[in-house]
Amino acid sequence: HLMVIQQLVSKLPEGRRVFIGVVLFTAAILLLFHSELQLENYGNFDLLLTRTPVIYHRIQWWFEGKCVGSSPDGRLRVMFCNPRERQYFKFLPDGKLKFGDRSHYGNGLGSEGKCAQLGMGGTRLVLGDCSTALKFNFVNGSYLQLQDTAQLHKNPCVSPILLSNEGLVPNPSPKTRDPVSLSTCHEVASRITLIEEKTFQEDRKYLSLPFPAGESKCDFPACGINKIVPPVTNLPPDQVDKCKDLSRCVTVVTKTARRPQLVLRMVRSIRRFKKYRSLPVIAYDDGIGEFSSDVMKEIAECSHLRYIIGDDEDVGIAKGRNLALEQVKTKYFLLLDDDNLFTETTDLELLVRILDTTDATLVGGKYQE
């Protein structure tokens with residue numbers, strides 16, 4: 001290729017040859033600079049992890065949003081990423097993983113300052129003396145792989161595991177408290193994300209608030225910052241516009257995904273009651289293509305049902321609901337899931353009456369299993 005280019009360039013006038021030479025030289029310099037910059041950024045990762053002041057990181061499973069944590073016995077497990085628990089690690093310069101620090105957030109579970117190593121039998125990662133700890137490489141910015149430069153491609157990765165007849169198998173769908181160990185590197189199961197502890201805590205600061213005193217019904221820390229909703233008040237008589245026909249006031253809306261039989265079951269449960277037999281229903285289905293002729297016939301024969309099959313596949317529940325809402329012509333709508341059913345206790349008239357006569361903008365019911 002270089003010989004061909006040289007022959008072509010040699011036939012050009014001298015002025016153009018000089019110009020092309022300058023362009024090629026400049027491109028080479030820029031390419032070299034870009035390559036050095038990329039290598040420098042990648043090579044400085046160890047400096048980022050070991051810099052002063054010490055940076056602590058949460059090790060979060062990329063696909064699940066759960067973290068690597070420690071149980072009271074020192075075993076590493078899959079845990080909910082809890083800002084109230086010490087689940088952070090320090091990466092030591094030699095590649096060891098040091099769990100927490102007694103001086104960072106005070107006393108913890110008793111495992112702070114210990115490092116990751118294999119426990120008895122070699123089937124679990126546990127926390128122990130750092131002098132005998134394992135050493136890891138952070139590979140491709142996504143995997144913690146055991147160090148061994150001679151056989152790096154064969155080295156195991158930190159992964160949630162399952163015990164099977166084949167030994168330790170990476171678990172792509174772990175549950176909370178499942179064990180963590182070394183297994184064959186798995187593209188999904190072994191993939192992690194590192195989150196600086198300071199950033200993690202800042203993003204979840206409301207979850208670390210104390211539980212509100214005297215609020216017996218509050219079982220979530222952040223409920224202490226919720227604004228108190230003012231009581232619903234009745235509208236002045238001249239502002240009341242009562243609904244006289246439910247079918248002209250309310251439309252049932254649901255989003256589904258290739259589940260027409262559930263939608264039909266829901267509609268049939270509505271039609272069981274005389275007062276709801278003309279209630280319009282709009283279902284938005286983000287599956288692609290039509291159903292069998294039998295299913296399409298059932299849909300066509302279902303009165304007051306508008307079943308929309310979208311043009312785009314898997315648009316998501318929020319967008320699908322909004323697309324269905326665009327078709328609503330009534331004053332109110334009732335949002336249901338496709339597996340909901342009307343029962344003898346369903347009372348739309350009560351919900352509509354509250355909306356008609358008060359300043360409430362949203363009303364809801366109670367689910368029954």
Side-chain angles (χ1 to χ4, degrees), residues 45 49 55-92 95-101 108-130 132-148 151-197 199-201 203-204 207:
F45 183 77
L49 298 180
I55 302 298
Y56 294 87
H57 290 83
R58 299 263 174 159
I59 303 175
Q60 184 180 55
W61 302 113
W62 173 78
F63 61 98
E64 280 284 336
K66 299 183 177 71
C67 289
V68 178
S70 172
S71 55
D73 60 2
R75 295 184 180 186
L76 295 188
R77 296 183 180 276
V78 177
M79 306 287 248
F80 166 69
C81 297
N82 191 344
R84 293 171 175 265
E85 294 183 4
R86 297 163 181 82
Q87 299 169 334
Y88 43 86
F89 291 81
K90 176 188 176 184
F91 289 76
L92 301 182
K96 295 177 182 178
L97 280 178
K98 187 176 182 181
F99 182 72
D101 191 332
L109 296 172
S111 297
E112 287 86 344
K114 296 182 179 180
C115 294
Q117 58 183 249
L118 283 175
M120 295 291 290
T123 60
R124 297 284 195 280
L125 278 178
V126 300
L127 296 172
D129 194 298
C130 288
T132 57
L134 300 172
K135 297 179 181 179
F136 299 92
N137 289 314
F138 192 51
V139 179
N140 295 335
S142 299
Y143 302 95
L144 282 177
Q145 192 175 45
L146 192 64
Q147 283 188 18
D148 185 349
Q151 298 183 358
L152 186 62
H153 65 285
K154 296 182 180 179
N155 286 359
C157 289
V158 175
S159 312
I161 59 161
L162 289 172
L163 294 176
S164 69
N165 295 333
E166 302 175 0
L168 300 182
V169 178
N171 181 7
S173 300
K175 298 179 180 178
T176 302
R177 303 197 65 78
D178 277 359
V180 173
S181 191
L182 296 175
S183 71
T184 304
C185 293
H186 188 278
E187 182 179 2
V188 176
S190 308
R191 189 171 179 180
I192 63 166
T193 299
L194 296 182
I195 307 176
E196 285 193 21
E197 179 65 10
T199 301
F200 178 87
Q201 292 291 340
D203 289 346
R204 294 159 179 81
L207 298 180

If you take all heavy atoms of [X] and [Y], which pair is closest and at what distance?
{"X": "Leu168", "Y": "Ser183", "result": "O-CB, 4.1 Å"}
{"X": "Gly128", "Y": "Lys114", "result": "O-CB, 3.3 Å"}
{"X": "His186", "Y": "Ser190", "result": "N-OG, 2.9 Å"}
{"X": "Val180", "Y": "Arg77", "result": "CG2-C, 3.5 Å"}
{"X": "Pro170", "Y": "Ala189", "result": "CB-CB, 3.9 Å"}
{"X": "Cys130", "Y": "Lys96", "result": "O-NZ, 2.7 Å"}

Are the side chains of [Y] and [X] in contact, using a 4.5 Å heavy-atom criterion?
{"X": "Cys81", "Y": "Phe200", "answer": "yes"}
{"X": "Met79", "Y": "Trp61", "answer": "no"}
{"X": "Ser159", "Y": "Thr184", "answer": "no"}
{"X": "Leu182", "Y": "Val158", "answer": "yes"}
{"X": "Ile59", "Y": "Leu97", "answer": "yes"}
{"X": "Leu118", "Y": "Leu125", "answer": "yes"}

Let me confirm one number: the [atom1]-[atom2] distance from [X] to [Y], rounded to the nearest 0.5 Å.
{"X": "Ser181", "Y": "Arg75", "atom1": "OG", "atom2": "CZ", "answer": "10.5 Å"}
{"X": "Arg84", "Y": "Gln201", "atom1": "CZ", "atom2": "CD", "answer": "10.5 Å"}
{"X": "Tyr56", "Y": "Glu196", "atom1": "OH", "atom2": "CD", "answer": "12.5 Å"}

Asp73 side chain to Ser71 side chain, donor-acceptor N/O pair below 3.5 angstrom: yes
Walk me through whether Leu92 and Cys115 qualify under side chain to side chain contact (heavy atoms under 4.5 Å, CB included). CA-CA 10 Å; Leu92 301 182; Cys115 294; 4.2 Å; yes
Any donor-acceptor N/O pair, Asn140 side chain to Ser142 backbone, under 3.5 Å: no
Treating Gln60 as the side-chain partner and Lys66 as the backbone partner, does any N or O pair qualify as donor plus acceptor under 3.5 Å? no
Decide side chain to side chain contact (heavy atoms under 4.5 Å, CB included) for Gln117 and Val126; before the verdict, give the C-alpha distance in whole Å, the side-chain angles of both, and the deciding distance to 0.1 Å. CA-CA 5 Å; Gln117 58 183 249; Val126 300; 4.0 Å; yes
Hits for side chain to side chain contact (heavy atoms under 4.5 Å, CB included) against Pro179, two or more places apart or cross-chain, chain-then-number order -> Arg124, Ile161
Set of residues satisfying side chain to side chain contact (heavy atoms under 4.5 Å, CB included) with respect to Asp178, sequence neighbours excluded: Val78, Asn171, Pro174, Lys175
Using the ring of each side chain (for Trp, its six-membered ring), is Phe89 parallel, tilted or perpendicular to Phe99, with breaks at 30° and 60°? perpendicular
Arg58: salt bridge (charged side-chain N to carboxylate O under 4.0 Å, His left out) partners, not counting sequence neighbours: Glu197
Arg191/Tyr143 under side chain to side chain contact (heavy atoms under 4.5 Å, CB included): CA gap, chis, key distance, verdict: CA-CA 5 Å; Arg191 189 171 179 180; Tyr143 302 95; 3.8 Å; yes
